[in-house]
Amino acid sequence: MKGRKTMNWKKKLLALGLSLALTLSLTACGQKAAEPEQPEEPAQTEEPAVEAPDGTEADTAHFRIAALKGPTAMGLVKLMKDNDETIGALLSSAKPYEGEVGNLYTFTLAGSADEVTPALIKGDLDMACVPANLAAVLYGKTNGAVEVLAVNTLGVLYIVENGGTVQSMADLKGQTIVAAGKGSTPEYALRYLLTENGIDPDKDVTIDWKSEHSECVAALASGQASIALLPQPFVTVAQNKIEGLRMALDLTAEWDKLDNGSALITGVIVARRDVVETNPGAVDRFLQDYAASVEWVNANNADAAQLIAEYGIIEAAPVAEMALPYCNIVCITGSEMKDKLSGYLQVLADAEPSSVGGTLPGDDFYYGG
């Protein structure tokens, strides 16, 4: 973006406080950092802006990003590691840092979306990885002050079976399915797919709703149930506990078979609109950074699993490594993101309007769409 003011990294690190910047990796790992010392007030002198290769000022920024522990944070892990290494190099250099400095990031991990959304609305966060339908709800609650940058996770829902009865959606007719997530995406996705396959979810199947996914795993382990709807990484956890448990149906693949232009979507990355409008070039750079991180994670499952465990996204690296190929981690942006996400939100709205905040978001909800 020509003519936009860039961040001067020396001044920015001073403004943030060197000791604060040093705690970024600890924040990402969920560790408690020591109380930072107050840096001396920097001299009020202007330094030349960093220039892009074409002679214009580069677009970079410091973004505060939150993600939920689980699949929606997995794709960020290489970016987290690279960010920590860049900050470490900046802080340890006795002479001017000679490496390329793009955006800098502060990452925070949370256990639930309820911990993230208030901070995003208040302005304490710039971006967040949240469930797809919650993004639409936030758009409505903030009068359009939140927009979606990318789809980061497609469906992670699977029908698992301790047996060999279920080979297609049609085979679910007459069965009992244990599941958790009533009133949210798991219910809406399951009911939609059953209906589209000619099965009445209220008459042709019995859905035994549990309060937590762990209860579904317990029911399978005890033999009280043989078929369940589970997300990753609970599928992998269950398979490690229950011999012979198999992934009978991938609901993402079943959704794709409908060929309706939409997709089953778990998570997206949203940003505050004022952040995007102030830093469009830096936002584009973040999306490039994130896409590269996703590509690395999907190509290097074993190494990615170690980082995922290191950063506390999933505690056990072996579980993360087994689950990664089935977590559908992506970076879908622009018009493709709009087509897939808008179609998915339409399905949710048709099933339960409140699931998307009562009304569907406008076109300005989709960044670059």
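Just the heavy atoms: all of them, side chains too, but no hydrogens, waters or symmetry mates, feed the values below.
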- Does a sphere of radius 6.0 Å around CD in Glu243 hold more than 12 heavy atoms from other residues, nucleotides or ligands, not counting ones at 6.0 Å or beyond? no
- Query: Can any side-chain N or O of Tyr158 pair as donor or acceptor with the backbone N or O of Tyr326 at less than 3.5 Å?
  - Reply: yes
- Is it the case that one hydrophobic cluster holds both Ile159 and Met247, taking links as side-chain heavy atoms less than 4.5 Å apart, direct or via other members? no
- Item | Glu315, CD: over 12 other non-hydrogen atoms inside 6.0 angstrom | no
- Indicate whether the side chain of Asp364 and that of Tyr139 have a donor and an acceptor atom separated by less than 3.5 Å. yes
- Message: Strictly distance-based, threshold 3.5 Å: is any side-chain N or O of Arg191 a donor or acceptor partner for the main-chain N or O of Ala351?
- Response: no
- Task: Return yes if some donor-acceptor pair links the side-chain N/O of Asn83 with the main-chain N/O of Leu79 below 3.5 Å, else return no.
- Result: no
- Message: For Val268, is there any backbone N or O sitting under 3.5 Å from a side-chain donor or acceptor partner on Asn152?
- Response: yes
- In this structure, are over 12 heavy atoms from other groups packed under 6.0 Å from Tyr188 atom OH? yes
- Check for a donor-acceptor pair, side chain of Thr60 on one end and backbone N or O of Ala282 on the other, with a separation under 3.5 Å. no
- Message: I'd like to know if the side chain of Asp284 pairs up with that of Gln288 as donor and acceptor (distance under 3.5 Å, no hydrogens or angles considered).
- Response: no
- Trp255 versus Asn260: any side-chain heavy-atom pair under 4.5 Å? yes
- Message: Taking atom CD as the centre, does Glu352 end up with more than 12 heavy-atom neighbours from other residues, nucleotides or ligands that are less than 6.0 angstrom away?
- Response: yes
- Would you check if Ile65 and Phe107 make a side-chain contact, meaning some heavy-atom pair closer than 4.5 Å? yes
- Glu147 side chain vs Gly144 backbone, donor-acceptor pair below 3.5 Å: no
- residues 60-79 vs salt bridge (charged side-chain N to carboxylate O under 4.0 Å, His left out), sequence neighbours excluded, gives Arg64-Asp126, Lys78-Asp82
- Task: Please answer whether the main-chain N or O of Val347 pairs with a side-chain N or O of Asp350 as donor and acceptor at a distance below 3.5 Å.
- Result: no
- Message: Can a donor-acceptor pair be found, under 3.5 Å and without considering hydrogens, that links the side chain of Asn328 to the backbone of Val156?
- Response: no
- Query: Between Tyr105 and Thr86, does any side-chain donor sit less than 3.5 Å from a side-chain acceptor?
  - Reply: no
- Might you work through the side-chain contact (heavy atoms from CB on, under 4.5 Å) test for Val283 and Met127, ending with a clear yes or no? CA-CA 10 Å; Val283 169; Met127 302 176 185; 4.2 Å; yes
- Arg246 side-chain N/O to Asn162 backbone N/O, donor-acceptor pair under 3.5 Å: no
